[in-house]
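Worksheet: the structure to be examined is printed underneath.
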Amino acid sequence: MYTELNSILNTTPDSFTQGEFVLLSDRQSDASFLIHHFLSLYLRARCKVCFVGLVQSFNHYSAISQRLGVSLTQAKEKGQLVFLEGQKESLSVLIPQENDTGSQAMDFLRDPSVGLKSLYEFVRSAVSSNGEEGGDGSEEWGPPVLLVDDLSVLLSLGVSAGAVLDFSHYCRAIVCSQLQGNVVMLVRCDGEGEEDEGDDEGSERLMKGLTHQCSLTLHVQGLPTGYCRDIHGQVEVCWRRRRGDGQYTQKKLFQYKVHDKGASFFAPGTSSAVL
């Protein structure tokens, strides 16, 4: 958990906005450190967390969380964390084994055209339970949180951008609206910044659709001046709030450097607000 980022977002484990859809994105950079930040934040806040990890193994996330002072193994044992290891589940679908007891969440791999209903059902079941699965069931957790790393992987598995947007919409409906929890999703943008010809059905369409759904975006990109040893890149933070009949948007730009156990953020003084 990065305290400087919490200060920028005006949030702590004891005080955070509920019912929020947070979109993380990157372009020619790596926003993975933000996933680790929100994971540690919500576990410290005693939220019930459903983590759909489509990129890395549980051991990978666990090792980094350990450096941030959070034990994913303990969180799983207590029933606070439900973790879907996408790589492992995908293998169980593509290369089924006898007596396989894996979940059905990745069944869409057999036919991507059917959509992501099975994955949504996995999420719905995980966020709707509060301590029943795993642990002794004696602990009550706070509002549910869904984290997805990274949504773009679904495109490479043959799922259409429209189906992924439907999945995010239904997840937001149950987690944010119905249960007053939070959703955090990471998506990677292709190209140099302008939409590539013919890419409307891919990552750019997905990015545009998710941006329309979310209330907060953190977009990570490299420095326009190129590589710098002391600064790793910049993060554009954009808040979107309803005001009357319109939407109020505020943007701030921060430079950052990731350390082994945290990250430093530097504000170059760029800020804008649009009604």
Side-chain angles (χ1 to χ4, degrees), residues 2 4-5 8-9 20-39 52-56 60-61 64 86 146-165 167-168 172 183-240 247 249-259 262-274:
Y2 306 147
E4 290 187 23
L5 181 55
I8 291 170
L9 300 178
E20 191 165 58
F21 179 14
V22 182
L23 175 62
L24 313 177
S25 63
D26 59 34
R27 191 184 297 275
Q28 296 185 318
S29 192
D30 186 2
S32 298
F33 71 97
L34 294 176
I35 279 286
H36 299 297
H37 165 77
F38 282 102
L39 176 60
V52 178
L54 301 174
V55 180
Q56 300 287 352
H60 169 84
Y61 296 109
I64 295 178
L146 168 65
L147 287 91
V148 182
D149 179 25
D150 106 52
L151 212 57
S152 308
V153 170
L154 297 174
L155 297 180
S156 65
L157 294 176
V159 182
S160 69
V164 178
L165 288 172
F167 169 74
S168 66
R172 181 169 63 98
V183 171
V184 181
M185 294 183 172
L186 178 104
V187 62
R188 302 195 183 279
C189 306
D190 297 328
E192 297 289 337
E194 295 297 326
E195 185 175 313
D196 296 330
E197 184 178 354
D199 192 48
D200 187 54
E201 293 301 317
S203 61
E204 293 297 336
R205 180 188 173 193
L206 178 60
M207 180 65 183
K208 287 181 178 180
L210 292 172
T211 300
H212 180 72
Q213 294 181 17
C214 73
S215 54
L216 172 65
T217 61
L218 289 86
H219 180 64
V220 178
Q221 53 191 340
L223 294 172
T225 54
Y227 172 79
C228 177
R229 185 180 63 180
D230 297 322
I231 299 176
H232 290 158
Q234 58 188 25
V235 181
E236 181 185 72
V237 183
C238 179
W239 293 265
R240 294 176 174 83
Q247 179 173 271
T249 301
Q250 182 182 17
K251 295 182 180 181
K252 290 186 178 180
L253 190 65
F254 300 87
Q255 296 174 342
Y256 73 91
K257 180 177 182 179
V258 179
H259 308 285
S264 297
F265 289 81
F266 315 95
T270 301
S271 177
S272 64
V274 179

- Query: Is any side-chain heavy atom of S25 less than 4.5 Å from a side-chain heavy atom of R27?
  - Reply: no
- Check the angle between the aromatic planes of H60 and H36 and answer parallel, tilted or perpendicular using the 30° and 60° thresholds. tilted
- Item | Shortest non-hydrogen contact from K251 toward C238 | CG-SG, 3.7 Å
- Smallest heavy-atom separation, A31 atom then L186 atom, equals CB-CD1, 3.6 Å
- Those residues that, when tested against E20, pass side chain to side chain donor-acceptor pair (under 3.5 Å) (two or more places apart): R241
- Measure the shortest side-chain to side-chain distance between V237 and L216 over non-hydrogen atoms and say whether it is less than 4.5 angstrom. yes
- Message: What's the separation between atom NE2 in H219 and atom CG in L253, rounded to the nearest 0.5 Å?
- Response: 10.0 Å
- Item | Candidate pair F33 and Y256, rule ring-ring contact (aromatic ring centres under 6.0 Å, His included), full reasoning | CA-CA 11 Å; F33 71 97; Y256 73 91; 4.8 Å; yes
- side chain to side chain contact (heavy atoms under 4.5 Å, CB included) between V55 and Y61: does it pass, once the steps are laid out? CA-CA 10 Å; V55 180; Y61 296 109; 4.0 Å; yes
- Looking at side-chain heavy atoms only, is the closest gap between Q221 and Q28 below 4.5 Å? no
- Shortest non-hydrogen contact between D230 and K257, atoms and distance: O-CD, 3.2 Å
- Message: Looking at every non-hydrogen atom in both residues, tell me the closest pair between I231 and Q255 and how far apart they are.
- Response: CD1-OE1, 3.2 Å
- Task: Identify, with sequence neighbours excluded, every residue that meets side chain to side chain donor-acceptor pair (under 3.5 Å) alongside S32.
- Result: D30, R188
- Message: Could you tell me if the side chain of L5 sits less than 4.5 Å from the side chain of L218, heavy atoms only?
- Response: yes
- Query: Does some side-chain heavy atom of V187 sit less than 4.5 Å from a side-chain heavy atom of S203?
  - Reply: no
- Task: Could you pull out the closest heavy-atom pair between L155 and G202, with the gap in Å?
- Result: CD1-C, 3.8 Å
- Query: Mind checking whether T211 and L23 have side chains closer than 4.5 Å, heavy atoms only?
  - Reply: yes
- Between L9 and W239, is a side chain to side chain contact (heavy atoms under 4.5 Å, CB included) present by the stated rule, with each step listed? CA-CA 9 Å; L9 300 178; W239 293 265; 4.1 Å; yes
- Message: Under the side chain to side chain contact (heavy atoms under 4.5 Å, CB included) test against D149, which residue among V184, I35, L39 passes?
- Response: I35
- Message: Minimum heavy-atom separation for R240 and T249, please, with both atom names.
- Response: CG-OG1, 4.1 Å
- Message: Any non-hydrogen side-chain atom of D150 less than 4.5 Å from a side-chain atom of L54?
- Response: no
- Task: Please lay out, stage by stage, how V220 and L24 fare under the test side chain to side chain contact (heavy atoms under 4.5 Å, CB included).
- Result: CA-CA 8 Å; V220 178; L24 313 177; over 6 Å; no
- Which value, rounded to the nearest 0.5 Å, describes the distance between H212 atom NE2 and S168 atom OG? 11.0 Å
- Between atom CG of L206 and atom CG of L154, what is the distance when rounded to the nearest 0.5 Å? 8.5 Å
- Query: Do F167 and M185 come close enough that some side-chain heavy atom pair is under 4.5 Å?
  - Reply: yes
